[in-house]
Protein chains: 2
Amino acid sequence: MATKARRTERREEPLSRERIVEAAIGILDAVGEGGLTFRVLAERLATGPGAIYWHVSGKEELLGAATEVVVTGTVLGGAGGASPQEVIRDLALRLFDAIDAHPWIGGQLARSPGQSPTLQVFERLGRQVQALGVPRPARFTAASTLLSYILGVAGQNAANAHGQESEQDRTEFLDGVSAAWANLDPDAYPFTRDVAEQLREHDDRAEFLAGIDLVLAGIAASHAG
Amino acid sequence: MATKARRTERREEPLSRERIVEAAIGILDAVGEGGLTFRVLAERLATGPGAIYWHVSGKEELLGAATEVVVTGTVLGGAGGASPQEVIRDLALRLFDAIDAHPWIGGQLARSPGQSPTLQVFERLGRQVQALGVPRPARFTAASTLLSYILGVAGQNAANAHGQESEQDRTEFLDGVSAAWANLDPDAYPFTRDVAEQLREHDDRAEFLAGIDLVLAGIAASHAG
DNA sequence: ACCTGAACACCGTTCAAGT
DNA sequence: ACCTGAACACCGTTCAAGT
């Protein structure tokens, strides 16, 4: 039966947990964790701050739910049929890119160890560790080490992401740090001074992957023979 | 010349950056990051909130200074004359214990990558990496990987430290997580379920050290031959 | 059942005024 | 130079009142 078209008025589609979380992600991506406010969020949803509390228990849950949406979307759908090492690398890189796109999840992941998003990553890592042939008692340590490394990088990236939207910003930032390191007291910071120039031309993503490979090499070495 | 004794009245010793930071550390240790407030801090120092701002630019600097005091005290004075691996293990464990005693530095370290406290740790790690015989181009990666792993564990410990003052609390917490893991959906979380029982009897500190050893093994394997 | 929005109890920070 | 403390511009959260 032909009903009048344009029935979907763009007004007042009902509030829902899903819409709230989606709007929160948008705000977080646009202005960062500090910019997500119940008032801003309410305005974006064309309602009052109180309405949000009917769907969500508070800010902590909201941040958790937002993180879960992004991480779940990232963790699912990896490359099939590759070696365990390849799957781990692929997962790690997808997480790295997700944190690059949504820096706020870096800080969030780090402080929700038992929570669902972190657990999803742990589970994926653990399965591949098992597939790698790591003996049962050593699997927990291997998976935890990979996870902690990933969370460590995530937290640092989240902290560094402050004012770096463009590639230009990023280059300037690295140049600045590199210059600062090169000027450190040679007696107190000989090593840091020595690697300062490497920092200028370094690729975060490649560096992150090299760290993953280092841990994987350690896992392989520890249960060889 | 004999002046009246009891000249040092216990009243009004002048405010100073040092006293402020010290008081902040005390509050942070007692009630955590959420409990550190300029009003609480001012009361503890028997002054008004505004007075603190003459010595310290804001809360961020205050947290940074507090972290620096604790980390510097921890980083200095390691065991001399041991192998590079031993020195790294020793440094890592001292940091672990410091974070255990002051959980707030876990979160703080993670979000101050270029800052002095993190840099001090990076420098120490790097020197030992060099002493390990790692070739120059690989040193940055090796030191960064160790640092990221340490920061990752630090962040998780900071997040977990919420309500666990006593050993009892800790055990209950692990039992709870272990039970929760054992009840996960077998299809979605086979690995996590499988390691659930290991978690109950696990030693955070030993586990942390095992992760360090895994990375060290990877470093050794990667530049062998 | 769900939404509204004023109100509450806090924050970090500023600043005129004091000594 | 250093301190005081009221005041400002915000928060997250609650809740009586509406529909």
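Since the structure is predicted, the reported quantities are computational estimates derived from the model, not experimental observations. We name chains A, B, ... by the order of the sequence lines, and we start the count at 1 in each one.
Using a 4.0 Å heavy-atom distance criterion, Leu36(B) is classed as a sugar-phosphate-only contact.
Taking the six-membered ring where the residue is Trp, the centroids of Phe191(A) and Trp181(A) are separated by 6.0 Å or more.
Proximity of a side-chain donor or acceptor of Thr67(B) to a complementary backbone N or O of Gln108(B) within less than 3.5 Å is not detected. Panel note: side chain Tyr149(A), backbone Ile150(B); no donor-acceptor pair is recorded below 3.5 Å.
One atom, CZ of Phe38(A), and another, C1' of dT14(D), lie 12 Å apart when rounded to the nearest Å. Rounded to a whole Å, the CD1 atom of Ile20(A) is 12 Å from the P atom of dC2(C). Taking atom NE2 of residue His55(B) and atom C1' of nucleotide dC2(D), one finds them 7 Å apart after rounding to whole Å. We find that NZ of Lys59(A) is positioned 12 Å from C1' of dC10(D), with the value rounded to whole Å. In this structure, the CD1 atom of Ile27(A) is 12 Å from the P atom of dC11(D), given to the nearest Å. Atom CH2 in Trp54(B) sits roughly 6 Å away from atom C1' in dC2(D) (whole-Å rounding). The CG atom of Leu41(B) sits 10 Å away from the P atom of dG12(C) (whole-angstrom rounding). Rounded to an integer number of Å, the gap from CG of Leu15(A) to P of dA1(C) is 17 Å.
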What does the list of N/O pairs under 3.5 Å between the protein and nucleotides 5-9 of chain D look like, with a distance for each?
| residue | atom | partner | partner atom | Å |
| --- | --- | --- | --- | --- |
| dG5(D) | O6 | Gly50(B) | N | 3.4 |

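Ion pairing of Arg193(A) with Asp185(A) is absent here, as no side-chain N (NZ or NE/NH1/NH2) approaches a carboxylate O to less than 4.0 Å. Note on Asp100(B) versus Arg205(B): no salt bridge recorded, every NZ/NE/NH1/NH2 to OD/OE distance being 4.0 Å or above.
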>> Let's test your reading of the pairing rules: Watson-Crick or G-U wobble, both distances under 3.5 Å, then write DNA chain C as a dot-bracket string with ( ), [ ], | and dots.
In response: ||.|||||...|||||.||
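Residue pairs meeting the salt bridge (charged side-chain N to carboxylate O under 4.0 Å, His left out) criterion with at least one member in residues 113-130 of chain A, sequence neighbours excluded, are Glu123(A)-Arg127(A). Applying the salt bridge (charged side-chain N to carboxylate O under 4.0 Å, His left out) definition to pairs two or more places apart or across chains, none involves residues 45-56 of chain B.
Residues Thr37(B) and Ile27(B) form no side-chain contact, since every pair of their non-hydrogen atoms from C-beta on lies 4.5 Å or further apart. Contact of the Trp104(A) side chain with the Ile25(A) side chain is registered, since non-hydrogen atoms from C-beta on lie closer than 4.5 Å.
With 3.5 Å as the limit, one finds no donor-acceptor pair spanning the side chains of Thr72(B) and Glu68(B).
For the segment residues 102-109 of chain B, no residue has any heavy atom less than 4.0 angstrom from an atom of DNA chain D.
The side chain to side chain donor-acceptor pair (under 3.5 Å) search around Asp175(A) returns Arg200(A), not counting sequence neighbours.
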